[in-house]
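Right, one structure below, let's go through it.
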Amino acid sequence: MPELPEVEIVRRRMHEAMACRRIGQVTVHDEAILEGISSTAIVLKLKGRSVEEVLRRGKQLMCVLDDRSVLAVHLGMTGDVQVHDHPLEHRHLRFSMKISNGTWVHFIDQRKFGAVGHYMSQEALLAAKRLGPDALAISEKEFSGRVSSHRKAIKTTLLDQSVLAGVGNLYSDEMLFQCRIHPETKADSLSSRQLKCLHCAMLDILQRSIENGSDFELLDNKYLLHDRRSGSKCPRCASVWTTVSVNGRTSFICPRCQKVASPRS
DNA sequence: GAGTATGTTATATG
DNA sequence: GCATATAACATACT
């Protein structure tokens, strides 16, 4: 589930549940999801602290505590955070916190690519993870500058969280489709018009997805994500989607609308 | 069994 | 050391 819009939805849920409240009991159900810290150590860091706010940079969630340190939560491929008024029995439950108003915040993650950690400050976290500017906050000028400074494929560049943070496999496909750019086009060969189009398409699809609760069925059918399945068709020219592997990730493209723009050298 | 999955990162290569 | 490419991580499903 989680690219920027899904993570933003989780952030709002966590902020609502935790902001201006105190963390009580902390339970690590599976130590494998902790990054660089032991169960006992993270419990000591969190228990009794109050949460000031829950922030997000790209796909990284950050609970800012009253000592300025940060509880970092990353959803990985299959992570989710649920708020309940009770403890939870769940096969994939990895981490839980009881909050001072009596609710519980539960981190669930089937595949365990997600992570929970603790950092001395937001800056320490952002530096350690080498996260670029957030995709919703980056200006067109900065987007164009950063993206076009790489010579690898545009798709790979958009997925590189140190270039900009938040875009994943599905949303990058959408942006490239909207702008009719082939995912293997070299990033540094894009025109300023194409870069501008990508920035615009990025904001559009990310914002729309947040508003829709990231339910792709609610998107207009001009979007690839509305029906991103093999066998279905490009809404512009009715060609059947093709898939191509870029950087080891499956990419959906329209074979007619998204031609390879740069000759391979 | 093979292939695939919305993410990140360690390791290899040039 | 840097930019880029690829494998690996854990688990479930088709």
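For the numbers below, each heavy atom of this structure counts, side chains included, while hydrogens, waters and symmetry mates do not. Lettering follows sequence order; numbering is per chain, from 1.
A stacking contact links A:F113 to C:dC9: the aromatic ring centre lies within less than 5.5 Å of the base's six-membered ring centre, and the planes differ by less than 30°.
In terms of position on DNA chain B, the residue among A:K129 and A:S251 whose nearest nucleotide sits closer to the 5' end is A:S251.
At C:dC9, none of the side-chain N or O atoms of A:K112 fall inside 4.0 Å of OP1 or OP2 (strictly under the cut-off). Applying the 4.0 Å criterion to OP1 and OP2 of B:dG7, one finds that A:H74 has every side-chain N and O outside that range. Between A:Q161 and B:dT8 there is a side-chain N or O to OP1 or OP2 distance below 4.0 Å.
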In dot-bracket form, how is DNA chain B paired, counting a Watson-Crick or G-U wobble pair only if both its distances are under 3.5 Å and using | for bases paired to another strand? .||||.||||||||
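The two residues A:Q178 and A:K222 come nearest to each other via the heavy atoms NE2-O, 3.2 Å.
For A:R111 against B:dA5, a side-chain-to-base donor-acceptor contact under 3.5 Å is present.
C:dA10 atom P lies 14 Å from atom CE of A:M77, rounded to whole Å. In this structure, CD of A:E3 is placed 9 Å from P of B:dT8, rounded to the nearest angstrom. Distance A:L170 CG to B:dT4 C1': 13 Å, rounded to the nearest Å. Atom CG in A:L75 sits about 19 Å away from atom P in C:dA10, given to the nearest Å. A straight line from NE2 of A:H150 to P of C:dA5 spans 12 Å, rounded to a whole angstrom. In this entry the distance linking CD of A:E35 with C1' of B:dG7 reads 13 Å, nearest Å. Put simply, NZ on A:K152 is 5 Å from P on C:dT4, counting in whole angstrom units. Summarising the geometry, the separation between CG on A:D80 and C1' on B:dA5 is reported as 17 Å, rounded to the nearest angstrom.
In terms of modelled atom types and a separation under 3.5 Å, the side chain of A:S144 and the main chain of A:K141 share no donor-acceptor contact. Checking side-chain atoms of A:R22 against main-chain N and O of A:G48 turns up a donor-acceptor pair under 3.5 Å.
Backbone-only engagement by A:G76 is indicated by non-hydrogen atom pairs under 4.0 Å involving sugar-phosphate atoms exclusively. Using a 4.0 Å heavy-atom criterion, one finds that A:R249 contacts the bases of the nucleic acid, with or without backbone contacts as well. As judged by a 4.0 angstrom heavy-atom cut-off over every strand, A:R91 is placed among residues touching the sugar-phosphate backbone only. Residue contacts shown for A:T156 are absent, as no nucleic acid heavy atom lies under 4.0 Å away.
Evaluated for a ring pair (Phe, Tyr, Trp, His ring centres under 6.0 Å) with A:H106, the options A:H86, A:H90, A:H29, A:H84 yield exactly one hit, A:H84. Across A:K129, A:Q161, A:H74, A:Q122, a single residue satisfies side-chain hydrogen bond (donor to acceptor under 3.5 Å, both in side chains) together with A:Q60, and that is A:K129. Checked options A:E53, A:H118, A:M14; the residue passing with A:C63 is A:M14 (criterion: side-chain contact (heavy atoms from CB on, under 4.5 Å)).
The side chain of A:N247 approaches C:dT6 more closely than any other nucleotide in the set C:dT6, B:dT8, C:dA12.
Ionic pairing of A:K59 and A:E6 is not present here: no N-O contact between side-chain nitrogen and carboxylate oxygen is shorter than 4.0 angstrom.
Grouped by direct or indirect side-chain proximity (heavy atoms under 4.5 Å, Ile/Leu/Val/Met/Phe/Trp/Tyr only), A:I253 sits with A:V244, A:V246.
If you take atom C1' in C:dT4 and the same atom in B:dT6, they sit 23 Å apart, rounded to whole Å. Taking atom P on both nucleotides, B:dT11 is separated from C:dA10 by 14 Å, rounded to a whole Å.
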